[in-house]
Amino acid sequence: MIKHFPVMLNEVLESVPTNCKIIVDWTLGHWWHSKAILEKIFSIKKLLGFDLDPNILEDTKDRLKEFWNKIEFIWSSYVNVPKFLWKQKADFILLDLGVNMEHFKDWKRGFSLNYDSQLDMRFDNKNWKSAYDIINNYSEKELTKVFVDYAEFSILKAEEIAKIIVTKRRNKKIESTFELKALLNQVGLWQKASTVIFQAIRIETNKEIDNLKMLLDNLPTILSEWWRCGIITFHSLEDRIVKNYFKDLSKSGLFELVYKKAIPATYQEVLKNRASRSAKYRVIEKTFIQN
Ligand SMILES: C[S@@+](CC[C@H](N)C(=O)[O-])C[C@H]1O[C@@H](n2cnc3c(N)ncnc32)[C@H](O)[C@@H]1O
């Protein structure tokens, strides 16, 4: 049995409208959130659960058979949601961004700098581009941009990291997490800072920021009138994107912010689950009936 703490579960449950019928979980993972929602809200007729990682989805399918009649498991990126919702709209949509703890524990996939493995970091193993391709093929300028944009390092430091990578790979490709970690150590980055660099490479590998923007652009058309969308982020850049997007939507008069500010995880939750310390939850509601 997988031990897992779904992040901000109480806050998510409180935000789900009590009489919704169709819900979409954009990032099903091991469906801890979805399971709790289904157990609480009996009016739900259908739950569309997306995940990009086929291994996670298979793992998940085998559990909790009592809800199989309500769930559609969809191996696809959440950016494709409109294709699956062309007949009906969603009453509640949940997005829980980032990685699953299982990604870190599955040492062969290269998400964690604590295990020596091939540089990979793809959620979807059909994705052509892996962390290996980024580290070995991106130009010095492109690598610098990844470290500035997603790790929020200064340009000077990002250039230093990019330079050592590009210099090293001239002799031999950088193949493993430990090889990359050793290079980061050489420019004075230890565990915490190296973790941030690994996270930046993962974000670039899976195009996480581009996907988030695409998904938000679809939001107004896939949500039913009067219903809600909740998003949990773990990265300040993602939170800023969601915050600004929700703010703009609320200015349009078609949407209303359910909470004026993002809700953080409670102190008690952070004590129990350190992964929740950077979590932020924002919820928006569609308020206007369109023709
Ligand atoms: C933080 S976990 C979700 C955990 C889930 N809420 C639960 O209760 O178990 C995020 C999940 O999103 C998936 N994911 C990442 N990018 C995705 C995308 N573009 N489309 C669909 N799923 C994605 C990952 O594979 C991962 O399983």
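Remember, it's 1-based here, ligands and their atoms both numbered in the order they're listed. Keep in mind that the numbers below use all heavy atoms, side chains included, and drop hydrogens, waters and symmetry copies. Nothing fancy with the numbering, it's 1 onward along the sequence.
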- Task: Could you pull out, from Thr27, Asp51, Asn100, the option with a heavy atom nearest to atom 24 (C) of ligand 1?
- Result: Asp51

- Location of contacts on Leu28 toward ligand 1, heavy atoms closer than 4.0 Å: backbone

- Message: Does any N or O of ligand 1 fall below 3.5 Å from an N or O anywhere on Asp25, backbone included?
- Response: no

- Message: Side chain, backbone, both or neither: which applies to Leu97 and ligand 1 if a contact is any heavy-atom pair less than 4.0 Å apart?
- Response: backbone

- Task: Would you mind checking if Glu256 and Lys286 are paired as a salt bridge, meaning a charged N to carboxylate O distance below 4.0 Å?
- Result: no

- Message: Before we go on, tell me: are the rings of Phe111 and Phe123 under 6.0 Å apart, centre to centre?
- Response: yes

- Item | The one among Gly98, Ser76, Ala36, Gly29 that brings a heavy atom closest to atom 10 (C) of ligand 1 | Gly98

- Query: What closest approach, in Å, do Asp91 and Pro17 show between heavy atoms, and which atom pair accounts for it?
  - Reply: O-CG, 4.3 Å

- Whether Val99 lies under 4.0 Å from ligand 1, heavy atom: yes

- Task: Have a look at ligand 1 and work out which part of Phe123, if any, has a heavy atom under 4.0 Å from it: side chain, backbone, both or neither.
- Result: side chain

- Find all atoms of ligand 1 within a distance of less than 4.0 Å from any non-hydrogen atom belonging to Asp96, and give their numbers and elements. 1 (C), 2 (S), 3 (C), 4 (C), 5 (C), 6 (N), 10 (C)

- Query: Is ligand 1 under 4.0 Å from a heavy atom in the side chain of Asn211, in the backbone, in both, or in neither?
  - Reply: side chain

- Message: I want to know whether Phe104 and Tyr115 have ring centres closer than 6.0 Å.
- Response: no

- Task: Determine, for Phe178 and Lys181, whether the Lys NZ or Arg CZ falls below 6.0 Å from the six-membered ring centre while staying within 45 degrees of the axis.
- Result: yes

- Of Ile231, Leu249, Asn211, Leu95, which is the lone residue that meets side chain to side chain contact (heavy atoms under 4.5 Å, CB included) with Leu216? Ile231

- Taking only heavy atoms of His30 into account, list the atoms of ligand 1 that are under 4.0 Å away from them. 7 (C), 9 (O)

- On a heavy-atom basis, the closest approach of Ala265 and Ser276 is CB-O, 3.4 Å

- Quick one: which ligand 1 atoms are inside 4.0 Å of a heavy atom on Asp53? 25 (O)

- Between Phe50 and ligand 1, does any nitrogen or oxygen pair lie at a separation below 3.5 Å? no

- Query: For ligand 1, does His103 get within less than 4.0 Å through its side chain, its backbone, both, or neither, judged by non-hydrogen atoms?
  - Reply: side chain

- Out of curiosity, does Ile263 fall in the hydrophobic cluster containing Val270 (side-chain heavy atoms, cut-off under 4.5 Å, transitive links)? no

- Does at least one non-hydrogen atom of Trp26 fall below 4.0 angstrom from an atom of ligand 1? yes

- Decide whether the shortest distance between a heavy atom of Asn206 and an atom of ligand 1 is less than 4.0 Å. no

- Query: Which atoms of ligand 1 sit under 4.0 Å from any heavy atom of Leu52?
  - Reply: 17 (C), 18 (C), 19 (N), 20 (N), 21 (C), 22 (N), 23 (C)

- Query: Centroid-to-centroid, Tyr150 to His235, below 6.0 Å?
  - Reply: no

Compile the donor-acceptor pairs under 3.5 Å between side chains in residues 8-16 and protein atoms, sequence neighbours left out, one pair per line.
residue: Ser15; atom: OG; partner: Val12; partner atom: O; Å: 2.7
residue: Ser15; atom: OG; partner: Tyr281; partner atom: OH; Å: 2.7

